[in-house]
Structure formats: structure tokens, C-alpha cells
Engineer: 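One structure follows; several queries about it will come next.
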Amino acid sequence: MNRINPKKLLNSKWTAVQPLNKQKHFLVTKVKFDEDGEVSLCLIEAVLTRKQSIIDWRELTDHKVWLQGWK
């Protein structure tokens, strides 16, 4: 299980264990917090195509799906 500090999500790098649409490397480009300090939006961008997707940041803790850094 990946340990993630939500305040350090912005600009973090991730590798998809199984490539998504032939894309493997991603960068967190936007993180928004609500008034309680909880993450309300996490936007990842594919490095190769620059395609952006909204993701639940907690999905990044699953090491069977995501690896921290670019591998």
C-alpha cells in the first residue's frame, strides 16, 4: 500500500501497473481541497498525450494499480 500525504500530491509522479490506453506515466496536475482540508478534486495528466482525467486520490494507494514515481 502506497502511503500518500494529500498535501504533497501536486506534481507527484505515478506509473500505472497496467497501461491505460497505452499510457503508463502520469503526473498529478491539480489538487483542490474543501473547507475541511479534504481532497475534493485530483486531476492526473498522461505524460505522453497530455490527456487529463479526474481520479479519486485514494486509488493511488493501491500498489496493484499504481506505483509511485516513474518506473
Engineer: Are the side chains of Ile44 and Thr29 in contact, using a 4.5 Å heavy-atom criterion?
Structural biologist: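 The answer is no, as the side chains (C-beta and beyond) never meet within the 4.5 Å cut-off.
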
Engineer: Examine distances only and state if a side-chain atom of Asp36 and a backbone atom of Glu38 form a donor-acceptor pair shorter than 3.5 Å.
Structural biologist: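 No.
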
Engineer: Can you tell me how far the CD atom of Glu45 sits from the CD atom of Gln52, to the nearest 0.5 Å?
Structural biologist: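 Going from the CD atom of Glu45 to the CD atom of Gln52 covers 5.0 Å.
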
Engineer: Can you see which heavy atom on Cys42 is nearest to which on Leu9, and at what distance?
Structural biologist: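 Nearest pair, atom of Cys42 first, then Leu9: SG-CD1, 4.4 Å.
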
Engineer: Is it the case that the side chains of Gln23 and Thr49 hold a donor-acceptor pair, with the cut-off being a distance below 3.5 Å and no angle test?
Structural biologist: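 There is such a pair (donor and acceptor under 3.5 Å, judged by atom type) between the side chains of Thr49 and Gln23.
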
Engineer: Can you name the closest pair of heavy atoms from Trp66 and Trp14 and give their distance?
Structural biologist: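 Nearest pair, atom of Trp66 first, then Trp14: CE3-CB, 3.8 Å.
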
Engineer: Work out which heavy atom in Thr15 is nearest to a heavy atom in His25; give both atom names and the distance.
Structural biologist: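 Taking Thr15 first and His25 second, the nearest heavy atoms are OG1-CD2, 3.5 Å.
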
Engineer: Side chain to side chain contact (heavy atoms under 4.5 Å, CB included) for Ile4 and Trp57? Distances and angles first, verdict last.
Structural biologist: CA-CA 9 Å; Ile4 303 171; Trp57 73 275; 4.2 Å; yes

Engineer: Are Val28 and Val39 joined in one hydrophobic group, where the rule is that I, L, V, M, F, W and Y side chains link up if heavy atoms are under 4.5 Å apart?
Structural biologist: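 Hydrophobic grouping puts Val28 with Val39.
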
Engineer: Do any N or O atoms from the side chain of Trp70 and from the backbone of Lys24 form a donor-acceptor pair under 3.5 angstrom?
Structural biologist: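 Such a contact is absent between Trp70 side chain and Lys24 backbone.
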
Engineer: Please examine the side chains of Leu41 and Ile54, heavy atoms only from C-beta on, and report whether any two atoms are closer than 4.5 Å.
Structural biologist: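 The answer is yes; the side chains approach within 4.5 Å.
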
Engineer: Would you indicate whether the side-chain heavy atoms of Asn21 and Lys51 approach each other to under 4.5 Å?
Structural biologist: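 With C-beta onward as the side chain, the pair touches.
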
Engineer: Side chain to side chain contact (heavy atoms under 4.5 Å, CB included), that's the test. Do Leu60 and Ile55 meet it? Break it down for me.
Structural biologist: CA-CA 9 Å; Leu60 297 172; Ile55 187 172; 4.1 Å; yes

Engineer: Please check if atom NZ in Lys71 has more than 12 non-hydrogen atoms from other residues, nucleotides or ligands closer than 6.0 Å.
Structural biologist: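 More than 12 heavy atoms, drawn from other residues, nucleotides or ligands, come within 6.0 Å of this atom.
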
Engineer: Looking at every non-hydrogen atom in both residues, tell me the closest pair between Leu67 and Val17 and how far apart they are.
Structural biologist: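 Result for this residue pair: CG-CG2, 3.9 Å.
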
Engineer: What do the steps show when you test Leu20 against Phe26 for side chain to side chain contact (heavy atoms under 4.5 Å, CB included), and what is the final call?
Structural biologist: CA-CA 10 Å; Leu20 308 169; Phe26 295 84; 4.0 Å; yes

Engineer: In chain order, what residues pass the side-chain hydrogen bond (donor to acceptor under 3.5 Å, both in side chains) check against Asp56, with sequence neighbours excluded?
Structural biologist: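 Result, side-chain hydrogen bond (donor to acceptor under 3.5 Å, both in side chains) vs Asp56: Arg58.
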
Engineer: Testing the basics here: between Pro6 and Phe33, what is the closest heavy-atom pair and its distance to 0.1 Å?
Structural biologist: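 Scanning both residues completely, I find the closest heavy atoms to be O-CZ, 3.5 Å.
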
Engineer: Heavy atoms, side chains only, cut-off 4.5 Å: are Lys30 and Lys32 in contact?
Structural biologist: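 Yes, at least one pair of side-chain atoms sits under 4.5 Å.
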
